[in-house]
There are 2 protein chains.
Amino acid sequence: MGTLSQPTPLNQPRTGKGQQTKAKLLRTALDAFAEDGYQAASMRAIALRAGVSLSHAYYYFGSKEDIVLELLIALRTEQFELCSAQLDEGNTLETNIRIAFDASVQVMEKYHDFGPSFLKVLLSRDLENSELTQIEMTLWESVVVRARPLPPLAIRRDLPRFLWLLSRQIFSTWAYDSSPNQRRSRALMRSIAPVIGKFAILCRLPVVRSLFEDVLSLMDSGASSIQDRTTSTGESAYEHRSSKAKAS
Amino acid sequence: MGTLSQPTPLNQPRTGKGQQTKAKLLRTALDAFAEDGYQAASMRAIALRAGVSLSHAYYYFGSKEDIVLELLIALRTEQFELCSAQLDEGNTLETNIRIAFDASVQVMEKYHDFGPSFLKVLLSRDLENSELTQIEMTLWESVVVRARPLPPLAIRRDLPRFLWLLSRQIFSTWAYDSSPNQRRSRALMRSIAPVIGKFAILCRLPVVRSLFEDVLSLMDSGASSIQDRTTSTGESAYEHRSSKAKAS
DNA sequence: AGAGCTTTTTGAACGCGTTCAATATTTAGA
DNA sequence: TCTAAATATTGAACGCGTTCAAAAAGCTCT
């Protein structure tokens, strides 16, 4: 449970009252976000609602973005819990992908005006914050590993990462989607599942599979350098070593 | 000469002096951007430097983003002119892609701190502004149609659009690339050209080609709906018919 | 020349996110 | 218990992008 791994990047509450204040601040902020939207839930409004001064909000949260990140983590957790049961029913890969995206839209739709802000957080901090990434990766791991039939062995290891990277692209589309009720990105999510299903099957052909590897390595070099992130804070429920790891 | 196609979305200079002021404002802004960077080149600084009041800058430019868009257009134009000659030398598709990306990096590197702002403009306004899109599409048209040997007929028509969409993804990586000297996104651009080259060749196989079509339609439904945009405002200096137009 | 119109220009304000020196409060050691 | 350091909290400011009512300057017609 230790949140003491960081070299105090910002003030952590060191006393009981401090933790209480920080918690209340966070709770209030999330409520204000949900009720008033991104613009109206200003730092001033949040601080006022939490009964602290404006400047004190910055004692525990370095910026408004930090709080937005907390919201994003909460939403992704909610998404995971929402679709976790459905993923256990032994569906197709295609179905599982659809389930995951559906849950995403269901959880996020109330927060669409946070889109640009979410995206900025994602793009500018991939590296340092790993809690969010772990939640997301766990979700896509589940999507793949609980699918029946299992995807071809050749790509089973890399598919979750691919889906994760893909989901971020989709998310960036959703974030700035100005069509009514995000119709366009909903359609995109709906049509992407069968393509991946088809693609996964075709990956049995060496030609297609080598393309997949090319594409994945490209996407990877684009994502913010997740090089040797073997041991980050805490161990999550997914392992990454199943394939090689014995070469040494 | 009609600049009256829009329902006056913002004040256009109606007198000679007005045009002069707007021009000076824009010139000054672009200079300030180049010299001082995004943050330091504030609207106040620009207005001061141009010798007008702060609020007057908003008479001709609705927001700072509007001016950033002008900068982006100028840079893309510069990029096109920079690599246009090289594209005429009958190189491989792979080489042409590399030339285009190299020019992009060369023109943009001084403006890397505009990345997030550029990206926001691109994502939030794809639809309304078409001048930028036209410049970019012309570039990728050239990349494809001047390549020797020509890419397979089956994909020759859609390849420019694909490359354009791809280039925007790359751009979004570059925009938030915090590695020293944007090393990471440079590497990405370098490694993407051969993959596309390989991919274009493999598109002769029906299997791969149908995947390409799937992917393209997915990317398209993600981009902000550019449906039938046949005739937009004014005719720019590029033609669109050179390649087929006689196939019917 | 002057009245009535449009176009251009301004000054003053608003609310925002963020910073910082200073103050109040709690905690720990003698 | 008194003191001194550590922690928590505040008020006032800064600069930013943006807005708006009002003033200044041009133009047109009689």
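Here is how names work: the chains are called A, B, and so on, in the same order as the sequence lines, proteins then strands, and each is numbered from 1. When reading the values below, keep in mind they use all heavy atoms of this one structure, side chains included, and skip hydrogens, waters and symmetry mates. From a predicted model like this one, the values you see are computed outputs, not experimental measurements.
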Between [atom2] on [N] and [atom1] on [X], what's the gap in Å once rounded to a whole number?
X     : N      : atom1 : atom2 : answer
B/K22 : C/dT7  : NZ    : C1'   : 14 Å
B/Y59 : D/dA23 : OH    : C1'   : 14 Å
B/N11 : D/dC20 : CG    : C1'   : 13 Å
B/E65 : D/dC16 : CD    : P     : 18 Å
B/F33 : D/dG17 : CZ    : P     : 9 Å
B/Q20 : D/dG26 : CD    : C1'   : 15 Å
A/L54 : C/dC20 : CG    : C1'   : 13 Å
A/I46 : C/dC16 : CD1   : P     : 11 Å

(request) Could you tell me how the ring of B/W174 sits relative to the ring of B/H112: parallel (under 30°), tilted (30 to 60°) or perpendicular (over 60°)? (result) perpendicular
(request) Test for a donor-acceptor pair under 3.5 Å between the base of C/dG11 and the side chain of B/S55, counting only N and O atoms. (result) yes
(request) Go through the N and O atoms of the side chain of A/S42 and the base of C/dG15, and report whether any donor-acceptor pair is under 3.5 Å. (result) no
(message) If you compare every side-chain N and O of B/T21 against the phosphate oxygens of C/dT9 (OP1, OP2), does one of them come in below 4.0 Å?
(response) yes
(message) Check whether A/S179 reaches the backbone of A/R184 with its side chain - one donor and one acceptor, N or O, closer than 3.5 Å.
(response) yes
(message) Heavy atoms only, 4.0 Å cut-off, all strands: where does B/F61 land among base, sugar-phosphate and nothing?
(response) nothing
(message) Using heavy-atom distances to pick each residue's nearest nucleotide on DNA chain D, tell me which of B/Y38 and A/R44 is more 5'.
(response) A/R44
(request) Name the residue closer to the 5' end of DNA chain C, choosing between A/H56 and A/Q39 according to the nucleotide with the nearest heavy atom. (result) A/Q39
(message) Please enumerate all residues that pass ring-ring contact (aromatic ring centres under 6.0 Å, His included) together with B/H56, with sequence neighbours excluded.
(response) B/Y59, B/Y60
(request) Among C/dT10, D/dA8, C/dT18, find the nucleotide with the atom closest to the side chain of B/S53. (result) C/dT10
(message) Given the ring of B/Y58, does B/K64 sit roughly above its face, with NZ or CZ under 6.0 Å from the centre of the six-membered ring and within 45° of the axis?
(response) no
(request) In plain terms, say whether A/E35 and A/R49 are close enough for a salt bridge, that is, a side-chain N and a carboxylate O under 4.0 Å apart. (result) yes
